[in-house]
Structure formats: structure tokens, C-alpha cells
There are 2 protein chains.
Amino acid sequence: MTLHTGHKSSGTVGKALSVLDQVASFERPVRFNDVLADSPFPKATLYRILQNLVTEDLLTFDRKWQTYALGVRLVRLAHSAWKQSSLAPVARPHLTSLSEKTGETIHLAQLDGPHVLYLDKRDAKRRVTMFSEAGKVGPAYCTGVGKAMLAFLPEDELQRILPQQSYHRFTPSTLCSVQELTDELGQIRQHGFALDREDHEPGIICVAVPILSRTRQMMGAISITSTSARTSLGKLKKFVPDLQGAACDIAAAAEYWRFPDNQKTPEAMEI
Amino acid sequence: MTLHTGHKSSGTVGKALSVLDQVASFERPVRFNDVLADSPFPKATLYRILQNLVTEDLLTFDRKWQTYALGVRLVRLAHSAWKQSSLAPVARPHLTSLSEKTGETIHLAQLDGPHVLYLDKRDAKRRVTMFSEAGKVGPAYCTGVGKAMLAFLPEDELQRILPQQSYHRFTPSTLCSVQELTDELGQIRQHGFALDREDHEPGIICVAVPILSRTRQMMGAISITSTSARTSLGKLKKFVPDLQGAACDIAAAAEYWRFPDNQKTPEAMEI
DNA sequence: CCTTTCGGTTCCGAATAATGAAACAATTAT
DNA sequence: ATAATTGTTTCATTATTCGGAACCGAAAGG
């Protein structure tokens, strides 16, 4: 049941990375044979690749139990990636203030291929166990942030991504076909915000808005999430102006962020 | 001033990763020539490596500005790495309860070569999500967690790591020589906990304990950090029993975690 | 005690991918 | 127009990787 994202594993590094992904997909340290079991590579090749990954510190090898696990170098790199991502660092203060203002769970997400990647999160005062955590990947077609982002994607990209959704029915209100989803995206485009009506998890509702650049390029999305027990979609909608304000601020900050000391202004570079 | 960790960049993936590191070391998106400027690789080679990294989603290329930035695949992988690291996920609840009990900042760290890698953090006031602070690298010789870990390292590993410290004098109380540090490590080994007497930052003090497996293997460290304005080392020491209790629980949980459904018990595997 | 199996490691000729000097293209200064 | 700067492609050469098969050591089984 491995959710392998589309590989073009062409070069040497591609093969190495596909093995790395495979090791990651087991959610515990693995022995050589575990990974060999469903590997497209022959024994010797896999062995060498694993050794390479270990010497590169992408994997660690536990000599005692003879198991491979993901290495810390990844965490280090991801820290850089997170800081370097134009969205996450500049969005931080805005998420915090949204969190303080609303007292609910706040998410920041980007698209990662056809999926949603959560970049940051603020927990509600009263904690709720939920699927998302920073760094985690989730479905796009049935989450507030996912639908908000899809709705503002250029048509060609949307058409590439739509058929890649799994359309699994998580709850009675999940949108399970391209048609249903497309209709909803139209609504969202019209209203400027997306709702999660327990599409993904029963009892979990949310309102989300896209983060759009000045040129209407979709950069990501933010959302306020709560439970149907504590509040209602009607009440959540009251926060839409706050969300849109924050999204706007984040977009502006992110665009400025690329040119902190650059002679060229963003305006000067538009096409 | 790039803090390049020792590469043996041997294979093809090694070269690719060294380029990735280089891109990461700039803390903003970079143009081709920026990275070519101090690259050991010739133009064409570097070009191809960058292209590979982009097709592998480790880098993203912004066509408009012609810049490379770290890709989201890293964040995804790091999420897996973080979850898979035996320490971070099992430590989470313990850090939270320490945080609630003490009201101070809590750190969880591991050794990453000669440096300290922070895996998780709790701040008294607001919760912090993982990549904002976790993933950061710091010095070992002048932080509480660093010294706590060094003190319980096997002699041969310690000897390899000691000369790799920078011994920069951050404050008047920084330990600036192998001799001073070695003496301190002896003390720490004796007492079972380490103190940061404003070694790294003026006004910042902390008490740290190592996380030791049943076989006395050093797995990481946790610490309680505060300011000399708000409290004192004397008062912080009162928390040592709590810290040690938590460290012990974390170690037990981490060891158990490897064998959730395994026929072999940890006991059966000791040497 | 010998044999087989199993998990892991090493060999080495063949197959493949990486290399990098140099040419080329596309902008941007002079 | 000319030069310079930046980014991209080509291609014969070179270095790596591939992977079937053999090998090793420990445990299971006869």
C-alpha cells in the first residue's frame, strides 16, 4: 500500500532516491531483505545503493540489528528547505496571530504534485487529534486547503492533477468524482474560499483560502480547522475576512522576501 | 562562512548531494552562476547535476527568475525521518509534560557528527511546530545537551569528535580548549547531568541530561533552558530528577518502539 | 558432523552514465 | 555593432554502475 509518487527514476541519483523513498515508506527500521523483497533492483545493486546512501548519511545502518533507518542529514536539509521556502518562514507570524485570534487550529499548506503538503500548523487551545502535522502529505480533493489550491490553479495544471486524485470515499460528504470536484472548484473560485464539510474526517470541518500572488499565481493556502461539535461552518465563515487578510499579507511578504536587497523590484520583473 | 560538514563525496549521488548542500547553504534561491562561482565542478557537469536534482524534485527551478531553491521532497522525506527516528516521536509527550511541569523551554537533541541537532522543542508560552526550530544545528562543546551527550560517548568516538569542535569563545564562560572541556565532561559523567553556565549565549542557562539505553548507549539528550534573569542554576538543578525520569522513560519507550510486534525481545538481543 | 538454507557480501566483464572542453544561443552591457 | 556575461547543448572519452554468479558465515535440520 505504498503511496509511491510518480518516479522517473532515470539517473543514478533517481535510483538511489527511489530506494530512499522505499525505506521511508516502511515506517520503522528495515533489514536488507525487507527492502529487497519489493525492490525492482537485483540484490547486488540494491546492496550497493544502500551502502552509498549510508556513506552519504541519508541512511543510518544499525550494526547491531542490521537495520537501515533514515538519517539525520535529511532533517538538516529539510530545515534549510523549510527556511528557504518562501512561504513557511514569512507566514509564521501570521499563523500565530490567526491562532491567537480564533483559538482554532491553523494550517499552512502547499501543493506537492497532486497532494497537499502541510508546511506549518498551530494547534487549537483544546487539542484535537488530527491527521495533519507539519511535513505530512495528504489528499488534495477532500481537504479545505487542497480544494482552495486546486481552484486557483491554471487550467492545464489542474487537468494534469485532477485524474491523479484517488477519490476514495472517506466520509459520506467526500467528493468522489472529477465532475463533483470540478463543480465545487467552480463554487470556490466564485466565493474565494473553500469549505471542508467533513470531507476527509468525520467531525472535522474547516474553511480555507488560497494564497495568491499579485499576478494571481497560486502559492499555497491557509485554513482554520475545528470540529462540528464545537462550532459550525456558518461560524467558521465569519473568519473568512481574517483568513483573506492573512493570505494577502503572506503573499506580499513572500514576494518581497525574494528581493530583500535586490536592485530589481518585483514590478520590474513581471513578464 | 559555509559550515560544510566533512564530505567524502565519492559516488555520483555524493556529488549531487554536495551540490544540494551548497544550494542549501545560500539561504535564498540562487542562480546558476552563483553556485558555479564556488563549485569544484566544471560548468557543464554542474549544469547536469542541477538538472538531475530538479527532475528528482530535490530542487525546484523557478523559470521566471531562473533560480534554484530546495524542493519540497526534502520536507516530505524529513517528516518520515523525524517519525522514524526512534527518539523524536516517542519523546513528544514527555517533552510536553516537562514543559507543563516546569514552564520553561525544553529541548530534545541528538548528535550529528560533531554538532548538536535539535529534534524538538517546547517553549513555555506557545507551541512550536517541528521544522521551525527542530532541524537546527548547534555546537556541542558549549551547550547543555551537547556536553551531556559528549560526556557519555564511548571513548574512541569522543576522541574523534573532540578535535572537531570550533572552541570559539562566545561568552566569558565558554570552555575553549580540549582540556577544559574534558575536565567538565568528567564532572558531568560523575553527576549525571550537565549545566550550561551561559556558555553559548549570555543570560541563557540550562540543565541537561543524556538519554541512555539500558546498555548505557547514549541516544540523545534533553534539557530545560531558561534565563539567568528569571531563575538560577541552583533552582534549575531542582528539576534534575524530573529530567532524569523523563530521559529514562524516553529511553525505555524508544527501545520498546523497535519491537512493537517482534518476537525477539530487547533482552534477548543484548550482545 | 555434515548439509542445507538463509541473510548478507564481494567479484568482474559488460552495459551505462557521467565527464568536461568547446561550441552555441540568448541576453545584456559597451 | 561589438563585446561580455549567462545559460544550454554536443559528443568523444572516461569512469561508474550493473547484476549474474560465486562466496561467506551463521543458524537450522537431518
Side-chain angles (χ1 to χ4, degrees), chain A residues 7-23 26 28-56 58-69 258-259 262-265 267-271, chain B residues 7-23 26 28-56 58-69 258-259 262-265 267-271:
Chain A
H7 300 158
K8 321 102 198 183
S9 70
S10 42
T12 310
V13 298
K15 290 166 197 167
L17 281 173
S18 77
V19 172
L20 191 63
D21 270 345
Q22 208 197 327
V23 172
F26 292 77
R28 63 185 73 260
V30 281
R31 301 172 67 104
F32 180 84
N33 256 28
D34 300 333
V35 36
L36 178 63
D38 60 335
S39 176
F41 302 108
K43 220 204 255 195
T45 303
L46 180 66
Y47 180 72
R48 214 164 2 78
I49 292 178
L50 283 172
Q51 271 196 163
N52 276 345
L53 290 173
V54 168
T55 64
E56 296 303 337
L58 294 179
L59 288 180
T60 57
F61 181 67
D62 186 317
R63 188 171 298 269
K64 191 166 163 193
W65 284 292
Q66 312 221 118
T67 56
Y68 296 88
R258 304 192 88 121
F259 316 93
N262 205 331
Q263 57 280 47
K264 303 181 182 178
T265 72
E267 282 79 3
M269 306 203 71
E270 307 215 11
I271 299 297
Chain B
H7 298 158
K8 321 103 198 184
S9 74
S10 41
T12 308
V13 297
K15 290 167 198 166
L17 282 173
S18 76
V19 171
L20 191 64
D21 270 346
Q22 208 197 327
V23 172
F26 292 76
R28 62 184 71 261
V30 281
R31 302 172 63 106
F32 180 82
N33 255 28
D34 299 334
V35 37
L36 178 63
D38 60 335
S39 177
F41 303 107
K43 219 205 266 195
T45 303
L46 180 66
Y47 182 72
R48 215 163 2 77
I49 292 178
L50 283 171
Q51 273 196 161
N52 277 343
L53 289 173
V54 169
T55 65
E56 296 304 334
L58 294 180
L59 288 180
T60 57
F61 181 66
D62 187 319
R63 188 172 298 270
K64 191 165 164 193
W65 285 291
Q66 311 220 118
T67 56
Y68 295 89
R258 304 192 88 122
F259 316 92
N262 206 330
Q263 58 280 43
K264 301 182 183 179
T265 73
E267 283 80 3
M269 307 202 71
E270 305 214 13
I271 299 296

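Computed from a predicted model, the values in this text were never measured in an experiment. Each chain gets a letter, A, B and so on, in the order its sequence line appears, and its residues count up from 1.
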### Message
Both Ala44(B) and Val13(A) contact DNA chain C. Taking the nearest nucleotide for each, which residue is further toward the 5' end?
### Response
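Nearest-nucleotide comparison on DNA chain C picks Val13(A).
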### Message
Quick check on side-chain contact (heavy atoms from CB on, under 4.5 Å): which of Phe41(A), Phe61(A), Tyr68(A) does Leu50(A) satisfy it with?
### Response
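Testing each of Phe41(A), Phe61(A), Tyr68(A) against Leu50(A), the sole residue satisfying side-chain contact (heavy atoms from CB on, under 4.5 Å) is Tyr68(A).
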Rounding to a whole Å, what distance do you find between [X]:[atom1] and [N]:[atom2]?
X	N	atom1	atom2	result
Phe32(B)	dT28(C)	CZ	P	18 Å
Gln51(B)	dA18(C)	CD	P	12 Å
Asn33(B)	dT28(C)	CG	P	14 Å
Lys15(A)	dA17(C)	NZ	C1'	8 Å
Asn52(B)	dA17(C)	CG	C1'	10 Å
Leu36(A)	dG7(C)	CG	C1'	10 Å
Tyr47(B)	dA21(C)	OH	C1'	17 Å
Gln66(B)	dT27(C)	CD	P	9 Å

### Query
After noting the C-alpha distance and the side-chain angles of Leu53(B) and Val23(B), does the key distance pass the side chain to side chain contact (heavy atoms under 4.5 Å, CB included) rule?
CA-CA 11 Å; Leu53(B) 289 173; Val23(B) 172; 5.9 Å; no
### Arg31(A) side chain, from C-beta outward: closest of dT19(C), dG8(C), dG20(C)
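Among the listed nucleotides, the one closest to the side chain of Arg31(A) is dG8(C).
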### Closest nucleotide among dG20(C), dG8(C), dT10(C) to the Thr45(B) side chain
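Among the listed nucleotides, the one closest to the side chain of Thr45(B) is dG20(C).
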### Message
Looking at every heavy atom in both Ile49(B) and Ala16(B), which two are closest together, and how far apart are they?
### Response
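Closest pair (atom of Ile49(B), atom of Ala16(B), distance): CG2-CA, 3.8 Å.
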### Query
Passes side chain to side chain contact (heavy atoms under 4.5 Å, CB included), Leu58(A) versus Leu17(B)? Steps please.
CA-CA 10 Å; Leu58(A) 294 179; Leu17(B) 282 173; 3.4 Å; yes
### Query
So which one's nearest nucleotide on DNA chain D is more toward 5', Pro42(A) or Asp34(B)?
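It is Asp34(B) whose nearest nucleotide is closer to the 5' end.
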### Task
Describe the nucleic acid contact of Thr12(B) in one word from base, sugar-phosphate, nothing, applying a heavy-atom distance below 4.0 Å.
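Counting heavy atoms under 4.0 Å across all strands, the contact made by Thr12(B) is with sugar-phosphate only.
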### Task
Taking Glu56(A) for its side chain and Gly11(B) for its backbone only, find out whether a donor-acceptor pair lies under 3.5 Å.
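Pair absent, no side-chain N/O of Glu56(A) close to backbone of Gly11(B).
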### Task
Keeping the roles fixed (side chain from Gln66(A), backbone from Phe32(A)), state whether a donor-acceptor pair exists under 3.5 Å.
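No, Gln66(A) side chain to Phe32(A) backbone: no donor-acceptor pair under 3.5 Å.
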### Query
Mind checking whether Gln22(B) and Asp38(B) have side chains closer than 4.5 Å, heavy atoms only?
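Yes, their side chains come closer than 4.5 Å.
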### Message
Counting distance alone, no hydrogens or angles: does the base of dG8(C) have a donor or acceptor under 3.5 Å from a partner atom on the side chain of Lys43(A)?
### Response
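Answer yes: a donor N or O sits under 3.5 Å from an acceptor.
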### Message
For a 4.0 angstrom threshold against heavy atoms of chain B, report the outermost contacting nucleotides of DNA chain D in 5' to 3' order.
### Response
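Listing 5' to 3', DNA chain D meets chain B from dT6(D) to dT17(D).
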